[in-house]
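Just below is one structure, and these are the notes that go with it.
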Protein chains: 2
Amino acid sequence: MREYYSITELTREFGISTRTLRFYEDEGLIHPVRRGRTRLFRQSDRHLVRQILRGKRLGFSIAEIGEIVQMYREPPGEVGQLKLMIKRIEEKREDLRQKRRDLEETLAELDHAEESCVERLAELGVNT
Amino acid sequence: MREYYSITELTREFGISTRTLRFYEDEGLIHPVRRGRTRLFRQSDRHLVRQILRGKRLGFSIAEIGEIVQMYREPPGEVGQLKLMIKRIEEKREDLRQKRRDLEETLAELDHAEESCVERLAELGVNT
DNA sequence: AACAACATTTACGTAAAAGTCAATTACTGG
DNA sequence: CCAGTAATTGACTTTTACGTAAATGTTGTT
């Protein structure tokens, strides 16, 4: 468990470019510390990158991912802010539940499509 | 159950623009029939649009959605093509399973984030 | 016939999310 | 100390997925 990772180490670990990591920093998604001008990535940054890429695979925009990673941070101290945050979290969860429904439906249709193919193969007398 | 729907009927039904529907046609995702130059959308087109939008919500690109909707069509007649199709379907399913893992992890993290907020509220003596 | 409402094609514009390239600057091993 | 590798910033480019506008066609009232 090292303390710091270089930018190229992260690009290899995650299969993304330096440009991408710098872009995420510009967009305020990550905040690697600096030694001089050089970025040093901590464990927390690596974890954030993992979360960002997860969000991307789920089709969230960078802006939406920005909202999500805010929710992972320390809860705010003020009651109004806390309630707002809870509301936002609930919205994102609804969003994710919709995606889950979409996902299950798509999987079901693909199952069906594969079955059709297998049946067709059987009709053609191919041993599966 | 009508036979044909106009383009604006579909835009209202799905909350998308005519431009979007024409774009999907240009990309070969849908093939509405024509009366003169006017597009007429059938049930099957409506179903396809629903599938396309599902794919979009899951973060698939138009090209990927194109591949997916091909899989929903009649299985090909040739053995080699069938086997290839089955392989492709399996790939997409793996893709979807990854998305499902991403989704569950994200949901779990959001659950945790919400709990933290609720706890914090309790600490502040707010009746939930 | 005129008007609205809806449709079409063509073409250019744009925002998001990087890719690519150039010119510097920083580090590191020999 | 210096070559070579790694990192930085900045600018420009590209791709995707449409938006938008212009000019024109079609249909259905009134």
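Chain A is the first sequence line, chain B the second, and so forth, proteins listed ahead of strands; every chain is numbered from 1. What you see is a predicted model; the values in this text were computed from it and never measured. Side chains included, hydrogens not; waters and symmetry mates left out as well; all remaining heavy atoms used.
Between C/dA18 and A/K56, a contact under 4.0 Å exists linking OP1 or OP2 to a side-chain N or O. Residue B/Y24 has no polar side-chain atom (N or O) positioned under 4.0 Å from OP1 or OP2 of D/dA17. When the side-chain nitrogen and oxygen atoms of A/R39 are compared with OP1 and OP2 of D/dT9, one or more of them lie within a distance under 4.0 Å. Between D/dG19 and B/T20, a contact under 4.0 Å exists linking OP1 or OP2 to a side-chain N or O. OP1 or OP2 of D/dG19 lies within a sub-4.0 Å distance of a side-chain N or O belonging to B/S17. For D/dT8, the OP1/OP2 oxygens have a side-chain nitrogen or oxygen of A/R22 closer than 4.0 Å. Put simply, A/R34 has a side-chain N or O that comes within less than 4.0 Å of OP1 or OP2 on D/dT9.
Spacing between atom CG of B/D26 and atom C1' of D/dT16 amounts to 14 Å, rounded to whole angstrom units. Rounded to whole Å, atom P of D/dA17 lies 13 Å from atom CZ of B/F60. If you measure from atom CD of A/E25 to atom P of C/dA18, you get 15 Å, rounded to the nearest angstrom. To the nearest angstrom, C1' of D/dT9 lies 12 Å from CD1 of A/I7. Counting to the nearest Å, the P atom of C/dC6 and the CG atom of B/L10 are 15 Å from each other. Between the OH atom of B/Y5 and the C1' atom of C/dC6 there is a distance of 19 Å, rounded to whole Å. Distance CG (B/L21) to C1' (C/dC6): 14 Å, rounded to an integer number of Å. Spacing between atom CZ of B/R57 and atom P of D/dA17 amounts to 16 Å, rounded to whole angstrom units.
Taking the side chain of B/R19 as heavy atoms from C-beta on, and the options C/dG19, C/dA11, D/dT8, the nearest nucleotide is C/dA11. Listed nucleotides: C/dA17, C/dC6, D/dG25. Nearest to the side chain of B/R37: D/dG25. Looking at the side chain of A/T8, the nearest of the listed nucleotides C/dT8, D/dA6, C/dA17 is D/dA6. Considering only side-chain atoms of B/R12, the nucleotide from C/dC6, C/dT9, D/dA17 that sits closest is C/dC6. Side chain of A/S61, nearest nucleotide from D/dT8, C/dA17, D/dG19: C/dA17.
In this structure, B/E123 places its CD atom where more than 12 heavy-atom neighbours from other residues, nucleotides or ligands lie under 6.0 Å away. For CZ of B/R42, the number of neighbouring non-hydrogen atoms (other residues, nucleotides, ligands) closer than 6.0 Å is greater than 12.
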Exercise for review: Show your reasoning for whether salt bridge (charged side-chain N to carboxylate O under 4.0 Å, His left out) applies to B/R57 and A/D95.
Suggested key: CA-CA 9 Å; B/R57 284 193 295 270; A/D95 204 343; over 6 Å; no
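To the nearest 0.5 Å, atom CG of residue A/L103 and atom CG of residue A/L58 are 8.5 Å apart.
Using a 4.0 Å heavy-atom criterion, one finds that A/T18 contacts no nucleic acid atom at all. If you check every strand for non-hydrogen atoms under 4.0 Å, A/I16 touches nothing.
The pair B/E67-B/R88 does not count as a salt bridge, with every side-chain nitrogen at least 4.0 angstrom from each carboxylate oxygen.
Geometrically, B/R39 does not engage B/F41 in a cation-pi contact defined by less than 6.0 Å to the ring centre and at most 45° from the axis.
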